[in-house]
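Quick one: structure below, then a few questions.
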Amino acid sequence: MLNVIELMLYKAYADLKAEASRYYASILWWLVEPVIYMVAFYVVFGIVFKRGGPGFIPFLLCGLIVWKWFAGSVNQGSNAIIMHLGLIRQIRLEKIILPGAALLNNCFHFFCAFSMYLVFLTIYGYKPSLSWIFLVPLIAIQFLLNSACGCLLSVIVPFVPDIRQLIEKLLMLGFFMSGIFFDINTISGSYRNFFLMNPMARIIDGYRSILLHDKAPHWGPFLFIALLSICLIWAAQRLLKKFDRLYPKVMY
Amino acid sequence: MHNGGPDSEIIRLENTGVFYWKKGGLFRKERFWVLNDISFSIRKGETLGIIGRNGAGKSTLLKLLAGIIAPNKGTIVSNGCRASLLSLQIGFTPHLSGRENAIFSGMLLGMKRSEIEAKLPAIIDFSELEGFIHDPIRTYSSGMKARLGFAISLHAPTELLLIDEVIGVGDAAFREKSVAAMKERIKSNLTVAIVSHMPGLIKEICDRVVWIENGITQDQGEPEQIIGSYEAFIKKHKFGIRRKMNNSATAMR
């Protein structure tokens with residue numbers, strides 16, 4: 001168990017290091033990339049289109065950055081095992097290490113981007129407040145959700161590679177359905193309940209209520225998301241163990 | 001047979017078979033049996049040679065012994081020993097330094113980080129990479145990478161070492177050194193199963209030989225005797241093919 005975590009961490013570290021040493025500015029890119037990302041949206045929506053009033057840019061960027069973490073985790077987590085078929089054909093390896101390292105890697109990228117976003121917020125005029133402390137449990141819950149999705153998909157994708165196509169389309173759909181460009185609270189009636197079935201819509205809304213409205217979200221649904229995610233991660237780990245000696249035989 | 005004695009079995013295969021799938025559609029998968037009926041055992045401390053023609057299933061057999069894949073029929077009885085395939089340069093990443101690759105590779109081979117760090121000086125020394133160990137291995141020559149890879153696997157802990165063909169790497173000098181180191185390790189108390197096409201090597205280092213033909217254990221026993229009948233079989237088979245070709249050539253005329 002300890003060995004598994006140690007290896008997962010080292011793999012994540014090695015991947016990050018490899019990523020960084022590919023470029024001269026290395027680590028700087030992790031901070032610059034989200035800044036460019038934010039500036040691009042700022043220019044398009046804040047200066048060119050002048051949409052949504054003064055609060056729109058922080059509102060939009062919050063959704064984008066949080067979504068990007070989720071989408072990245074799902075994508076890389078689901079590809080984790082088939083990307084390493086060569087490795088697992090040569091040695092016996094706890095398969096959970098592969099999606100696990102990909103998830104940690106994405107987690108790190110998110111922290112870089114999110115800290116840049118917090119810097120942006122303070123520059124934009126939002127004062128850091130004590131309620132930002134609620135971000136800690138919320139980030140933890142999103143990490144659980146990301147992990148649940150990433151790990152479960154990593155179980156299935158090697159057997160049915162077509163699912164990757166499906167994931168791509170569903171992420172595109174999710175991008176528009178998770179309230180990144182609009183506030184799900186402004187939707188009326190039964191439609192709203194439909195949108196709220198999407199856990200990412202709730203999570204994005206949670207970040208906004210903490211950062212932009214200075215108040216804690218309702219934790220009930222998040223507790224449910226966290227518990228469900230833990231169950232799914234457990235199930236994924238059981239399945240990875242069950243199929244442990246099948247993955248090396250996958251032809252891809 | 002008593003447990004723990006020099007002659008005790010550490011792993012035994014009984015009528016074992018393995019199939020792979022041939023890629024079809026989603027619901028159209030065809031099995032093909034790579035191993036059909038394999039039965040033999042490996043005893044503690046011995047060096048077992050595995051011979052057979054290309055495509056006989058030798059590499060699959062090693063994967064089976066290493067626990068990388070599971071049998072689809074028959075049984076494998078193991079005493080729970082740690083078996084591992086000799087994998088050179090496992091997990092090597094071009095942008096990481098030699099040292100970091102050694103640590104990562106060692107961890108993949110089952111060592112704790114602290115264990116491999118303790119062994120690093122010996123690994124660096126054996127691979128003759130003192131001045132380069134902090135450089136990224138993308139700057140290494142293939143010989144340097146091979147040396148590092150070999151030094152790591154030489155230090156990896158295992159009870160049953162599975163070797164697929166290669167036991168020496170690098171240029172002539174290092175090759176001699178690595179072959180010597182590997183032979184020393186093989187001759188020690190370590191249990192080894194080695195696949196090789198070199199009858200000379202098998203005769204020199206193996207206590208016993210298993211001959212695999214078409215996924216079936218054809219014969220097993222003393223190296224001299226098995227290799228003798230294997231070579232006779234090969235000769236006959238080659239001759240058979242040649243005669244067939246001659247016949248068809250005559251028929252065409």
### Message
Please classify the contact between A:Y13 and chain B as side chain, backbone, both or neither, with a heavy-atom cut-off of under 4.5 Å.
### Response
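The answer is the side chain of A:Y13.
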
### Task
Answer yes or no: does atom NZ of A:K242 have more than 12 heavy-atom neighbours from other residues, nucleotides or ligands under 6.0 Å?
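Incorrect, the count does not exceed 12.
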
Validation: residues 13-20 of chain B side-chain donor-acceptor distances under 3.5 Å, sequence neighbours left out:
from	atom 1	to	atom 2	distance (Å)
B:E14	OE1	B:T75	OG1	3.1
B:E14	OE2	B:R12	NE	2.8
B:E14	OE2	B:R12	NH2	3.1
B:N15	ND2	B:D37	OD1	3.0
B:T16	OG1	B:E14	N	3.4
B:T16	OG1	B:T75	O	3.2

### Query
Among B:L109, B:L85, B:L96, which residue forms the greatest number of heavy-atom pairs with chain A at distances under 4.5 Å?
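If we count pairs closer than 4.5 Å to chain A, B:L96 comes out on top.
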
### Query
With a cut-off of 6.0 Å (strictly less than), are more than 12 heavy atoms of other residues, nucleotides or ligands near CD1 of A:I133?
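Atom CD1 in A:I133 is not packed in, count stays at 12 or less.
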
### Query
Which bit of B:A70 comes within less than 4.5 Å of chain A, counting heavy atoms only: side chain, backbone, both or neither?
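Both the backbone and the side chain of B:A70 come within 4.5 Å of chain A.
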
### Task
List in chain and number order the residues that pass salt bridge (Lys or Arg N to Asp or Glu O under 4.0 Å) with B:K177, two or more places apart in sequence or in another chain; answer none if no residue qualifies.
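Checked B:K177 against salt bridge (Lys or Arg N to Asp or Glu O under 4.0 Å); matches are B:E128.
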
### Query
Who in residues 90-103 of chain A is close to chain B, using a strict under-4.5 Å heavy-atom cut-off?
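From residues 90-103 of chain A, the residues near chain B are A:Q90, A:I91, A:R92, A:L93.
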
### Query
What do you reckon, is CZ of B:R82 surrounded by more than 12 foreign heavy atoms closer than 6.0 Å?
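Yes, CZ of B:R82 has more than 12 neighbouring heavy atoms, counting only those of other groups under 6.0 Å.
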
### Message
Nearest 0.5 Å, please: how far is CG in A:L9 from CE in B:M107?
### Response
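So the CE of B:M107 and the CG of A:L9 are separated by 8.0 Å.
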
### Segment of B:L62 engaging chain A (4.5 angstrom heavy-atom cut-off)
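Nothing of B:L62, per the 4.5 Å heavy-atom cut-off to chain A.
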
#### Entry: A:F143 CZ: over 12 foreign heavy atoms closer than 6.0 Å
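More than 12 heavy atoms, drawn from other residues, nucleotides or ligands, come within 6.0 Å of this atom.
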
#### Entry: B:E117 atom CD, neighbour heavy-atom count above 12 within 6.0 Å
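Enclosed: over 12 neighbouring heavy atoms sit under 6.0 Å from CD of B:E117.
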
Could you give the side-chain donor-acceptor pairs of residues 63-73 of chain A under 3.5 Å, partners two or more places apart or in another chain?
from	atom 1	to	atom 2	distance (Å)
A:K68	NZ	A:E33	OE2	2.9
A:S73	OG	A:W69	O	2.9

#### Entry: For B:I68 against A:R89, the heavy-atom pair lying closest together
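Closest approach of B:I68 to A:R89: CD1-O, 3.7 Å.
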
### Task
Could you tell me which of B:M111, B:K63, B:E100, B:K112 has the largest number of non-hydrogen atom pairs under 4.5 Å with chain A?
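Looking at each option in turn, the highest pair count goes to B:E100.
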
#### Entry: Proximal component of B:T93, with respect to chain A [non-hydrogen, under 4.5 Å]
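Side chain of B:T93 only, per the 4.5 Å heavy-atom cut-off to chain A.
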
### Query
Within a radius of less than 6.0 Å around NZ of B:K73, do more than 12 heavy atoms belonging to other residues, nucleotides or ligands occur?
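More than 12 heavy atoms, drawn from other residues, nucleotides or ligands, come within 6.0 Å of this atom.
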
